[in-house]
Structures are given as C-alpha cells and as structure tokens.
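All remarks here apply to the structure that follows.
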Number of protein chains: 2
Amino acid sequence: MELIQIYECLCDATRLRLLNVLGQGPLCVCHFQEILGEPQVKISKHLAYLRERGLVEVERSGNWMVYELPAKPSRELKANLACLQDCAAENPLFRRDLARLKKLAPKFAGTSPCGCA
Amino acid sequence: MELIQIYECLCDATRLRLLNVLGQGPLCVCHFQEILGEPQVKISKHLAYLRERGLVEVERSGNWMVYELPAKPSRELKANLACLQDCAAENPLFRRDLARLKKLAPKFAGTSPCGCA
DNA sequence: GTTCTATATACTCACAAAGGTATATAGAAC
DNA sequence: GTTCTATATACCTTTGTGAGTATATAGAAC
C-alpha cells in the first residue's frame with residue numbers, strides 16, 4: 001500500500017520540514033542545511049529516505065544535487081502534501097523555515113545553480 | 001509537534017484500517033477482530049498505541065471496550081482523517097473492511113452494547 | 001465465592017530507524 | 001594529474017516498533 005510509505009516519510013520532524021520547504025520549489029542540500037540548521041549527513045540521509053519512497057526526485061547539477069517534489073505525484077501524495085501545507089501554515093517551526101528560505105533566497109541565487117527562489 | 005504523533009499512528013497498515021473503520025462509528029475490540037481478521041492482541045495493542053497518542057478514545061461498557069474517534073479532534077487530526085478517508089475510498093483493502101462492517105452490522109447489533117451501526 | 005468473557009499487559013525476539021563519526025565519491029577547478 | 005567542494009555512504013550505538021506467546025485484569029454470570 002503506497003499510503004504507508006507516504007506516512008512513513010511524514011513521521012519524522014526533519015522530513016516534514018524538508019517537504020514543507022520543498023513546497024516552495026527545488027533546493028539543494030547545502031541550502032537545506034542553512035535553512036534547517038542541521039548537519040549535512042542528517043539532511044542527506046533523510047533526503048535519501050524520501051527519495052527511496054518516491055516523495056522527492058533528484059537531479060545533479062554540477063556538484064549540487066537538486067531535490068524537488070515529484071513532477072507527477074500520485075493522488076495520495078498530492079492529497080497528503082496539500083494537507084501538510086495546510087497544517088504547516090499554522091506551525092511556528094514550519095513558518096520559521098519558510099521565513100528563512102525567503103530571507104536567504106537572494107544569497108542562494110548568487111551561489112548555486114538550482115534557481116532557489 | 002502534534003503532527004508527528006498523528007503521522008506515527010498513520011504509518012502502519014493495521015492502524016490505518018482501524019481508523020478507517022472507526023470513521024463509520026464507535027466499535028469494540030472483538031468486532032475489529034472480525035472485520036480485520038487479525039488476532040486480539042494485535043488489535044488491542046494497536047488501539048492502545050492510537051489511544052496513547054490521542055487518535056482514539058475509549059469507554060468501558062460492561063466487558064466491552066468501545067473505541068471511537070475523538071469527540072473534539074484537533075485541526076490537524078481532522079484534516080488528516082479527512083485525507084485518509086479520501087485516500088481509503090479508492091483502496092481495495094479499506095473498501096473490503098467497510099463492506100464487512102456493513103455486512104456484520106446486524107449481527108453486532110444483537111451481541112454487544114456498542115451500537116455498531 | 002467460582003467461572004466465563006472481553007480485553008490489556010508483560011515478555012521475548014527480530015528488525016528498522018535515527019543520530020553521530022569517519023570516509024568515499026563525483027564533478028569542478030586548477 | 002592534484003585539490004577542493006558538495007554530497008553520499010559505511011559503520012556503530014541507541015532506541016523504537018511489530019509480532020507472537022503467555023498471563024493478568026475487570027466485570028458479568030452464576
């Protein structure tokens with residue numbers, strides 16, 4: 001049942017934060033590091049976990065690995081990501097991550113090719 | 001973060017099935033057993049897991065323990081249960097459980113006090 | 001009181017997950 | 001080629017989870 005794999009991905013705070021930020025657009029690992037304030041290995045492993053279960057897709061761009069939400073999400077995934085967005089909008093931690101993303105966006109634009117907006 | 005606890009509950013097939021069936025109304029353990037076709041201890045432990053995290057509530061009625069969804073679910077819980085309902089509607093296993101519930105309802109009505117509809 | 005019924009809990013085992021440290025890899029720059 | 005940078009992976013430890021077997025508990029029936 002694919003639903004389970006989705007929920008497995010959603011039951012960790014770090015992964016929820018990654019997905020929340022990804023809702024704004026593609027991003028590379030080092031930018032996740034800055035936004036979440038978590039070590040590289042932790043970010044990287046959780047992204048691998050999400051990738052193995054089809055919650056994110058990756059593309060290499062030079063040295064950078066650019067992660068994004070699936071281009072064609074399943075019905076279940078779409079529903080759950082929408083639900084997460086909805087819940088995240090009221091949550092301080094999630095909001096703080098998005099605020100940081102917004103603040104760092106100009107800096108990112110100059111230092112990487114992933115077009116972080 | 002309460003969201004995490006919700007997702008922890010949702011990342012197991014048995015618990016998803018329990019919650020799906022509970023969407024139709026309160027039910028006691030032995031009826032879950034019949035509907036899911038799983039052993040008592042398994043049902044009972046997963047219900048305890050759900051209860052500890054506030055996803056279900058219990059009330060004793062004689063020998064029976066009647067479980068139901070929270071009377072006043074949080075915003076997050078409400079959103080996620082709705083999402084689950086939505087996804088479950090398209091899933092064969094979930095549909096089968098609901099079909100069994102419907103089929104067994106008359107029998108339940110005669111043998112227990114939980115008013116399983 | 002004893003017995004029965006419905007349910008919960010304790011205990012075990014196997015396994016997955018999360019975090020940290022150290023190291024490997026792939027591509028870019030030189 | 002060497003070096004640097006970004007990212008991934010291996011390994012280890014701790015903790016949590018799921019399932020099963022056996023046993024305990026609480027109330028009902030007698």
Side-chain angles (χ1 to χ4, degrees), chain A residues 1 4-19 22 26-53 55-68 104 107-108 110-116, chain B residues 1 4-19 22 26-53 55-68 104 107-108 110-116:
Chain A
M1 191 181 332
I4 302 280
Q5 297 206 312
I6 294 175
Y7 289 129
E8 282 173 354
C9 289
L10 299 181
C11 68
D12 174 272
T14 304
R15 290 194 292 265
L16 283 184
R17 294 173 72 193
L18 292 173
L19 290 169
L22 274 178
L27 217 58
C28 58
V29 179
C30 56
H31 294 167
F32 281 119
Q33 277 179 252
E34 275 203 77
I35 292 169
L36 303 202
E38 298 280 359
Q40 180 261 324
V41 62
K42 186 168 172 180
I43 301 281
S44 202
K45 281 199 289 188
H46 281 297
L47 284 169
Y49 189 104
L50 292 171
R51 183 163 39 81
E52 286 160 11
R53 286 160 183 77
L55 279 266
V56 302
E57 294 170 349
V58 208
E59 198 178 351
R60 176 178 285 275
S61 168
N63 269 340
W64 291 270
M65 301 296 277
V66 181
Y67 285 81
E68 59 186 332
L104 293 171
K107 180 179 166 203
F108 290 169
T111 61
S112 90
C114 50
C116 326
Chain B
M1 194 181 329
I4 301 279
Q5 297 206 312
I6 294 175
Y7 288 130
E8 281 174 353
C9 288
L10 298 180
C11 68
D12 174 89
T14 304
R15 289 195 292 266
L16 284 184
R17 294 172 72 193
L18 293 173
L19 290 169
L22 274 177
L27 216 59
C28 58
V29 180
C30 56
H31 294 166
F32 282 120
Q33 277 179 252
E34 275 204 76
I35 293 169
L36 303 202
E38 299 280 358
Q40 180 261 323
V41 62
K42 186 168 171 180
I43 302 282
S44 202
K45 281 199 290 188
H46 281 297
L47 285 170
Y49 188 103
L50 291 171
R51 183 163 39 80
E52 287 160 11
R53 286 159 183 79
L55 277 268
V56 302
E57 294 170 349
V58 209
E59 198 177 353
R60 178 177 286 275
S61 168
N63 270 338
W64 291 270
M65 300 295 278
V66 181
Y67 286 82
E68 60 186 332
L104 293 171
K107 180 181 164 201
F108 290 170
T111 62
S112 90
C114 51
C116 328

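Residue numbering restarts at 1 for every chain, and letters A, B, ... go by the order of the sequence lines.
With the nearest nucleotide of DNA chain D identified for both B/K42 and A/V41, A/V41 has the one nearer the 5' end. Residues A/K45 and B/A48 each lie close to DNA chain C; by heavy-atom proximity, the contact nearer the 5' end of the strand is made by B/A48. Of the two residues near DNA chain C, A/C11 and B/Q33, the one whose nearest nucleotide lies more 5' is B/Q33.
Contact between the side-chain N/O atoms of A/R60 and the OP1/OP2 oxygens of D/dA6 is not found at any separation under 4.0 Å. Distances shown here put a side-chain N or O of B/R53 below 4.0 Å from the OP1 or OP2 atom of D/dT17. Look at B/S44 and you won't find any side-chain N or O under 4.0 angstrom from OP1 or OP2 of C/dT7. For B/H46, a side-chain nitrogen or oxygen approaches OP1 or OP2 of D/dA19 to under 4.0 Å. At D/dA6, none of the side-chain N or O atoms of A/Y67 fall inside 4.0 Å of OP1 or OP2 (strictly under the cut-off).
C/dG1 is paired with D/dC30 under the criterion used here, namely a Watson-Crick or G-U wobble arrangement in which both key atom distances are under 3.5 Å. When Watson-Crick and G-U wobble pairs are counted only if both distances are under 3.5 Å, C/dA18 pairs with D/dT13. Across every strand in view, D/dT25 sits in a pair with C/dA6 that passes the Watson-Crick or G-U test at under 3.5 angstrom.
Proximity of B/E38 to B/H46: side-chain heavy atoms (C-beta onward) are nowhere separated by under 4.5 Å. Counting heavy atoms from C-beta on, the side chains of A/Y49 and A/K45 never come closer than 4.5 Å. Annotation: side chain of A/I35 is in contact with side chain of A/L27 (closest heavy-atom distance under 4.5 Å).
Separating the CG atom of B/L50 from the C1' atom of D/dT17 is a distance of 14 Å, rounded to the nearest angstrom.
Open room surrounds CD on B/E59; 12 or fewer heavy atoms of other groups in view lie less than 6.0 Å from it.
With hydrogens and angles left out, the side chain of B/Q40 and the base of C/dA6 share no donor-acceptor pair within 3.5 Å.
In this structure, of D/dT9, C/dA26, D/dA26, it is D/dT9 that holds the atom nearest to the side chain of A/R51. Taking only side-chain atoms of B/M65, from C-beta outward, the nucleotide of D/dA28, D/dA8, C/dA8 with the closest atom is C/dA8.
For the side chain to side chain contact (heavy atoms under 4.5 Å, CB included) with B/L50, the qualifying choice from B/L18, B/L22, B/L10 is B/L18, the only one to do so.
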